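Heads up, the thing below is written out as structure tokens.
Residue numbering restarts at 1 for every chain, and letters A, B, ... go by the order of the sequence lines. Just so you know, these numbers come straight off a predicted model, no measurement behind them.
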Amino acid sequence: MRDAEIRELPQLIGQEVRVRGWLYNARSSGKLRFLVVRDGSGYLQAVVFKPSASETLWNDAERLTQESSLWVVGTVKEDGRAPGGVELGVSELGIVSLCPEYPITPKEHGPDFLLNNRHLWLRSKRQHAVMRVRNEIVFGIRDFFYQRNYVNIDSPILTPAACEGTSTLFSTDYFGDTAYLSQSGQLYLEPAAAAHGKVYCFGPTFRAEKSKTRRHLMEFWMVEPEVAWMHFDGLLDLAEEFVSSLVARVLDRCADELAWLERDVAKLAPAAERPYPRIDYGDAVERLKAKGFPAQFGDDFGGDEETALADDAGKPTMITRYPAAIKAFYMEPDPTDPARALAVDMIAPEGYGEIIGGSERISSYDKLEQRIAEHGLPRQAFEWYLDVRKYGAFPHSGFGMGIERVVSWMCGLSHLREAIPYPRMLNRLYP
RNA sequence: UCCGCAGUAGCUCAACGGUAGAGCGUUCGGCUGUUAACCGAAGGGUUGGGGGUUCGAGUCCCUCCUGCGGAGCCA
């Protein structure tokens, strides 16, 4: 007799196995008791039949409460009446820990209650599926870059000053000095691109903005590639290849999870195919005006405007060459129009908003020095960053992608908070 | 920070200014194939806090707190 994970039971028909897990739900019908057991790998209907069960076995099966931990020994049987087509005829049952009244019932709950019980909510089917998709995306990201000979160079989380000087930062005491939690790894990645050529960082990012929307978290995960010698067109190709490959991977390997989440796969599938539309910022403004939005050249786009642009194509859409004035200081000006930056935002369809922001970086020492001054940034804090241009300047480009927004989009979630195990939001730091 | 919505049983929600209700969960009973099983019964309440109007407030008014959605900002 061997221990088995539930996912492998279809290959073990007729064998006696032990399964360990938790009681997800139970139903009884006179002389029968159906125990739905979950072990993380799947769900199993374990059946106890009173006439063939010992008194102890039957009583234990009756005593079990939702989320009690247990083990069952029995024979794996094929049965069309069981969910998944396979069930276990239980011959022995062990109660490891009897669970007191479990807060999360198989009925509906509100978001506040569920978030207060996030540590338990993670056990439920839907959250389980989301974390599986997230896992696939995270691994897919690392696989994508590893296959292409990128080197993972992680940036520090504690930093001495604002990376971009715009967003509000969380601060903490650092032996008497003030340290800030990183809001981007990019600046630290650029020197590493001079060392390895193709690099990426992947870690948590912190924004202390008091944003209260379904698209914002205070702490989120971001992956940022940075590539030496890559110009703007190459960056657009990279972003497109990257995102489409992740979508294809999730569609291929997470079909069960997407089904549990009732994700409309037909709406996601087009994003697995290249190319993605590329719309010049100026054309995007015109298109929005034609749709009745009060868009003006020079403005950044709002959430509704982004949605309108990406939904035209029904797949991620890249908006290119934004006005330099509304973009970060380190972005390379467009050689054909210095008022524009070689910047791109990739907007996901179905209202999921910006998932990627990137640009070609300024490679000239003088130009960067000038921009730092124009933005009123403390030059001293950026000496090391200027060194990237001083000692062997090189053209390079990169982008950042927010993991939770991508997970949220692929899973079809209505809120980013379900896309991360423990969401950090305004007014929420528990559990 | 601004605008809007909400707070009633453990959970999700009802209740015209006039006796505080249902479903799920829990406990007990019933059923030999259940699929969020079903049937019967029981237990479960300071209606977010404070103040006011009224013969009478879950309901109307003021105020505070908490949460949700959106704006701004961004991934």
Would you tell me if any nitrogen or oxygen in the side chain of Arg81(A) comes within less than 4.0 Å of OP1 or OP2 on U32(B)? no
Tell me whether the side-chain N/O atoms of His216(A) come closer than 4.0 Å to OP1 or OP2 in G72(B). no
Could you work out the separation of [N] and [M] based on their [atom1] atoms and round it to a whole Å?
N      : M      : atom1 : result
A9(B)  : G58(B) : P     : 14 Å
A20(B) : C39(B) : C1'   : 26 Å
G4(B)  : U12(B) : P     : 26 Å
C2(B)  : C38(B) : P     : 48 Å
C24(B) : C60(B) : C1'   : 33 Å
G44(B) : U26(B) : C1'   : 9 Å
U47(B) : C28(B) : C1'   : 30 Å

Could you measure the distance from the CG atom of Leu189(A) to the CG atom of Asn152(A)? Nearest 0.5 Å is fine. 9.0 Å
Aro-ring/base stack Phe220(A)-A75(B), d under 5.5 Å, angle under 30°: yes
Nearest-angstrom distance from the residue atom [atom1] of [X] to [atom2] of [N]:
X         : N      : atom1 : atom2 : answer
His109(A) : A36(B) : NE2   : C1'   : 11 Å
Leu114(A) : C11(B) : CG    : P     : 11 Å
Asp79(A)  : U32(B) : CG    : P     : 18 Å
Met318(A) : A75(B) : CE    : P     : 17 Å
Leu416(A) : C73(B) : CG    : C1'   : 15 Å

Donor-acceptor pairs under 3.5 angstrom involving side-chain atoms of residues 88-98 of chain A: please list them, not counting sequence neighbours.
residue  : atom : partner  : partner atom : Å
Ser91(A) : OG   : Val73(A) : O            : 3.2

Do Arg123(A) and Tyr24(A) have side-chain atoms, one donor and one acceptor, less than 3.5 Å apart? no
Side-chain donor-acceptor contact under 3.5 Å, Glu224(A) with Ser184(A): yes
When we call it a touch if two heavy atoms are under 4.0 Å apart, what does [X] touch: a base, just sugar-phosphate, or nothing?
X         : result
Leu217(A) : base
Gln66(A)  : nothing
Thr205(A) : nothing
Ile355(A) : sugar-phosphate
Pro83(A)  : base
Glu67(A)  : nothing
Asp345(A) : nothing

Heavy-atom pair of closest approach, residues Pro277(A) and Ala313(A): CG-CB, 3.3 Å
Which of parallel (below 30°), tilted (30 to 60°) and perpendicular (above 60°) describes Trp384(A) and Tyr188(A)? parallel
Parallel, tilted or perpendicular: which one describes the rings of Tyr43(A) and Trp260(A), with boundaries at 30° and 60°? perpendicular
5'-most contact on RNA chain B: Glu101(A) or Ser29(A), nearest heavy atom basis? Glu101(A)
With nearest nucleotide decided by heavy atoms, which residue, Thr65(A) or Met218(A), maps closer to the 5′ end of RNA chain B? Thr65(A)
Residues which pass salt bridge (Lys or Arg N to Asp or Glu O under 4.0 Å) with Arg428(A), listed by chain and number, not counting sequence neighbours: Asp112(A)
Proximal nucleotide (of [options]) relative to the [X] side chain:
X         : options                : result
Arg405(A) : G70(B), C74(B), C68(B) : C74(B)
Asn25(A)  : A71(B), A36(B), U32(B) : A36(B)
Phe113(A) : A71(B), U12(B), U34(B) : U12(B)

Given the ring of Tyr276(A), does Lys315(A) sit roughly above its face, with NZ or CZ under 6.0 Å from the centre of the six-membered ring and within 45° of the axis? no
Which of these passes side-chain hydrogen bond (donor to acceptor under 3.5 Å, both in side chains) with Glu332(A): Lys367(A), His231(A), His396(A)? Lys367(A)
Lys210(A) atom NZ, neighbour heavy-atom count above 12 within 6.0 Å: no
Under 3.5 Å between N/O atoms: give me all the protein pairs with nucleotides 3-6 of chain B, atom names plus distance.
none

Which of residues 117-128 of chain A sit near RNA chain B, with a heavy atom under 4.0 Å from it? none
Can you find a heavy atom in the side chain of Trp409(A) that is under 4.5 Å from one in the side chain of Val247(A)? yes
With a 4.5 Å limit on heavy-atom distance, are the side chains of Gln66(A) and Tyr102(A) in contact? yes
Between C73(B) and Ser211(A), counting only base atoms on the nucleotide and side-chain atoms on the residue, is there a donor-acceptor pair under 3.5 Å? yes
So, does the side chain of Arg417(A) form a donor-acceptor pair with the base of C68(B) at under 3.5 Å? no
Proximity of [X] and [Y] rings by center, below 6.0 Å:
X         : Y         : value
Phe145(A) : Phe202(A) : no
Phe34(A)  : Phe49(A)  : no
Phe144(A) : Phe242(A) : yes

Given pairs defined as Watson-Crick or G-U wobble with both distances under 3.5 Å, what dot-bracket annotation applies to RNA chain B, with ( ) intrastrand, [ ] crossing, | other strand and . unpaired? (((((((..((((....[..)))).(((((.......))))).....(((((..]....))))))))))))....
Taking N or O atoms only and anything under 3.5 Å, show me the protein contacts with nucleotides 21-24 of chain B, one pair per line.
none

